[in-house]
Number of protein chains: 2
Amino acid sequence: MRENWSVEEIVGRFKDRGMRMTPQRMEVLRLLTEMSHPTAEQLFEKVHARFPFVSQATIYNTLRALKEIGVVAELAGGGQRVLHYEMASGERCHFTCRSCGQIRDVETDEPPIAKDLPKLHGSYRIEDYRLELFGVCPECAEGT
Amino acid sequence: MRENWSVEEIVGRFKDRGMRMTPQRMEVLRLLTEMSHPTAEQLFEKVHARFPFVSQATIYNTLRALKEIGVVAELAGGGQRVLHYEMASGERCHFTCRSCGQIRDVETDEPPIAKDLPKLHGSYRIEDYRLELFGVCPECAEGT
DNA sequence: CTATATGCAAAGTTTTTGCAGCGAA
DNA sequence: TTCGCTGCAAAAACTTTGCATATAG
């Protein structure tokens with residue numbers, strides 16, 4: 001999967017589906033590369049700070065649109081009931097700090113379970129996975 | 001971790017925290033062993049069918065209480081925005097069917113990543129993990 | 001012109017809270 | 001008689017929808 005997305009590529013994906021790039025969508029994309037796994041609400045706050053006329057609905061619509069074209073991914077894990085978003089980098093492993101709640105991508109040279117999947121489940125067709133790690137991040141460990 | 005829980009044990013855990021076992025909580029526990037990864041709402045429907053006076057709030061309170069004493073676990077994965085619940089069997093791997101949405105425990109002889117965790121993340125203290133698998137279950141694969 | 005996006009507000013879902021009363025220790 | 005649990009209803013948190021307008025192609 002991808003690590004970085006070019007604007008042209010994203011615009012292309014939109015066009016393929018008869019959808020358009022807009023300033024609102026650009027801003028959401030920009031923020032997604034700057035922020036670490038923001039929620040829809042966090043994105044709304046940031047966008048709204050710069051463009052006060054932008055509405056919540058647009059944020060949610062935008063996120064749904066970006067999800068549909070495969071450019072952003074939704075994170076549901078972490079015991080949180082709020083959804084977090086990120087650029088779809090193909091990272092399937094995340095670490096959530098139980099103390100401060102921050103989420104970080106975990107880079108694994110080789111997806112640790114990917115190679116075991118086929119033999120694990122005969123009749124089940126496994127198409128994807130997500131690995132969520134929980135614990136304490138260095139900053140919080142130090143603080144205690 | 002545990003595979004089966006005795007009522008005495010659960011009552012004991014409640015008592016340790018000054019909490020009580022109640023008929024409502026018993027019923028929720030019973031349903032959790034019968035149903036496969038129900039949501040709070042599904043549990044409410046079932047409980048309400050037998051005991052029409054039981055309220056939603058009690059279901060949620062009960063689930064929170066059971067979660068606190070470590071007897072039930074909450075599943076947030078699957079892109080669903082609804083939480084699912086199960087007896088805390090210690091199973092950390094689940095399969096979600098993308099077609100019918102059913103969730104199944106996946107028994108792994110040996111947690112596939114557990115052994116790799118320590119070396120993966122030097123300064124991060126990993127205390128637990130959850131592995132979510134996505135794909136198509138045999139029933140749905142046959143149907144298509 | 002036509003179809004897609006937007007803003008606004010309102011409604012929808014899922015979960016939590018406040019409070020008075022009840023019941024177990 | 002104290003403290004936790006319950007039901008009820010209302011609120012909160014998060015997300016989606018309906019509709020009229022605006023705007024790109």
Side-chain angles (χ1 to χ4, degrees), chain A residues 7 10-29 37-69 71-85 101, chain B residues 7 10-29 37-69 71-85 101:
Chain A
V7 176
I10 297 176
V11 172
R13 291 206 173 204
F14 271 134
K15 270 199 175 152
D16 291 346
R17 308 216 184 186
M19 301 162 86
R20 301 177 195 146
M21 178 58 85
T22 66
Q24 289 87 339
R25 293 179 176 179
M26 280 296 288
E27 180 64 5
V28 168
L29 280 167
H37 307 89
T39 63
E41 199 192 348
Q42 289 169 333
L43 285 167
F44 172 66
E45 282 168 19
K46 288 272 189 181
V47 174
H48 203 256
R50 283 183 70 160
F51 307 104
F53 51 85
V54 173
S55 68
Q56 278 196 356
T58 298
I59 303 298
Y60 283 102
N61 287 338
T62 294
L63 289 170
R64 173 154 33 82
L66 291 170
K67 206 169 50 179
E68 275 173 28
I69 65 174
V71 170
V72 315
E74 207 173 57
L75 295 178
Q80 327 256 39
R81 52 201 84 285
V82 196
L83 298 175
H84 293 251
Y85 295 87
Chain B
V7 176
I10 297 175
V11 172
R13 292 206 170 203
F14 271 134
K15 271 199 175 150
D16 290 346
R17 308 216 184 185
M19 303 162 86
R20 302 177 195 144
M21 179 56 87
T22 67
Q24 289 86 339
R25 292 178 176 182
M26 281 295 289
E27 179 65 6
V28 167
L29 280 166
H37 308 89
T39 63
E41 198 192 348
Q42 290 169 333
L43 286 166
F44 172 66
E45 283 169 17
K46 288 269 189 185
V47 174
H48 203 256
R50 282 183 70 161
F51 308 104
F53 52 86
V54 173
S55 68
Q56 278 195 357
T58 297
I59 303 297
Y60 282 102
N61 287 339
T62 294
L63 289 170
R64 173 153 35 82
L66 291 170
K67 206 170 49 179
E68 275 173 29
I69 65 173
V71 170
V72 314
E74 208 173 57
L75 295 177
Q80 327 256 39
R81 54 200 84 283
V82 196
L83 299 174
H84 292 252
Y85 295 87

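Each chain gets a letter, A, B and so on, in the order its sequence line appears, and its residues count up from 1.
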(request) Output, in order, the C-alpha distance, side-chain angles, deciding distance and verdict of side-chain contact (heavy atoms from CB on, under 4.5 Å) for B/F53 and B/Q24. (result) CA-CA 10 Å; B/F53 52 86; B/Q24 289 86 339; 4.3 Å; yes
(request) May I have the distance from A/I69 (atom CD1) to C/dT4 (atom C1'), rounded to whole angstrom? (result) 14 Å
(message) Please enumerate all residues that pass side chain to side chain donor-acceptor pair (under 3.5 Å) together with A/T22, with sequence neighbours excluded.
(response) none
(request) Output all residues satisfying ring pair (Phe, Tyr, Trp, His ring centres under 6.0 Å) with B/H84, sequence neighbours left out; order by chain, then residue number. (result) none
(request) Mind checking ring pair (Phe, Tyr, Trp, His ring centres under 6.0 Å) for B/F14 and listing every partner two or more places apart, or none if nothing turns up? (result) none
(request) Report the C-alpha separation of B/L43 and B/T62 in whole Å, then their side-chain angles, then the decisive distance to 0.1 Å, and conclude whether the side-chain contact (heavy atoms from CB on, under 4.5 Å) test is met. (result) CA-CA 11 Å; B/L43 286 166; B/T62 294; over 6 Å; no
Could you go through nucleotides 17-23 of chain C and list every protein N or O atom that sits under 3.5 Å from one of its N or O atoms, giving the distance for each pair?
residue : atom : partner : partner atom : Å
C/dG23  : N2   : B/R20   : NH1          : 3.3
C/dG23  : N2   : B/R20   : NH2          : 3.3

(request) Kindly determine whether A/M26 and A/V7 satisfy side-chain contact (heavy atoms from CB on, under 4.5 Å), including the steps that lead there. (result) CA-CA 9 Å; A/M26 280 296 288; A/V7 176; 4.1 Å; yes
(request) With sequence neighbours left out, write down each residue that passes side chain to side chain donor-acceptor pair (under 3.5 Å) with A/K67, or none if nothing qualifies. (result) A/E74
(message) Whole angstroms only, please: what is the CZ-C1' distance between A/F14 and C/dT4?
(response) 12 Å
(message) Suppose we screen for side chain to side chain contact (heavy atoms under 4.5 Å, CB included). Which residues come up paired with A/E41, at least two apart in sequence or across chains?
(response) A/T39, A/E45
(message) Once ring pair (Phe, Tyr, Trp, His ring centres under 6.0 Å) is applied, do any residues pair with A/Y60, and if so which ones, sequence neighbours excluded?
(response) none
(request) Please tell me if the side chains of A/L29 and A/M21 come closer than 4.5 Å, counting only heavy atoms from C-beta onward. (result) yes
(request) Test side-chain contact (heavy atoms from CB on, under 4.5 Å) on A/L66 and A/R25 and set out the steps. (result) CA-CA 9 Å; A/L66 291 170; A/R25 293 179 176 179; 5.6 Å; no
(request) Map B/R25 and A/K67 onto DNA chain D by nearest heavy atom, then report which one ends up closer to the 5' terminus. (result) B/R25
(message) Please report the distance, rounded to the nearest Å, between CD1 in A/I59 and P in C/dC8.
(response) 12 Å
(request) Quick one: list whatever passes salt bridge (charged side-chain N to carboxylate O under 4.0 Å, His left out) with B/R50, sequence neighbours left out. (result) B/E27
(message) From CG of A/L63 over to P of C/dT6, roughly how many Å is that when rounded to an integer?
(response) 12 Å
(request) Note down the inter-axis angle between the two ends of the helix from C/dC1-D/dG25 to C/dA25-D/dT1, five pairs each, to the nearest 10°. (result) 30°
(request) Give me the residues of residues 43-56 of chain B where at least one heavy atom lies under 4.0 Å from an atom of DNA chain C, by number, or none. (result) B/Q56
(message) Going by side chain to side chain donor-acceptor pair (under 3.5 Å), name the residues that satisfy it together with A/R20, two or more places apart in sequence or in a different chain.
(response) none
(message) What is the separation between atom CE on A/M21 and atom P on C/dT6, rounded to the nearest whole Å?
(response) 10 Å
(message) For a 4.0 angstrom threshold against heavy atoms of chain B, report the outermost contacting nucleotides of DNA chain D in 5' to 3' order.
(response) D/dC3 to D/dT16
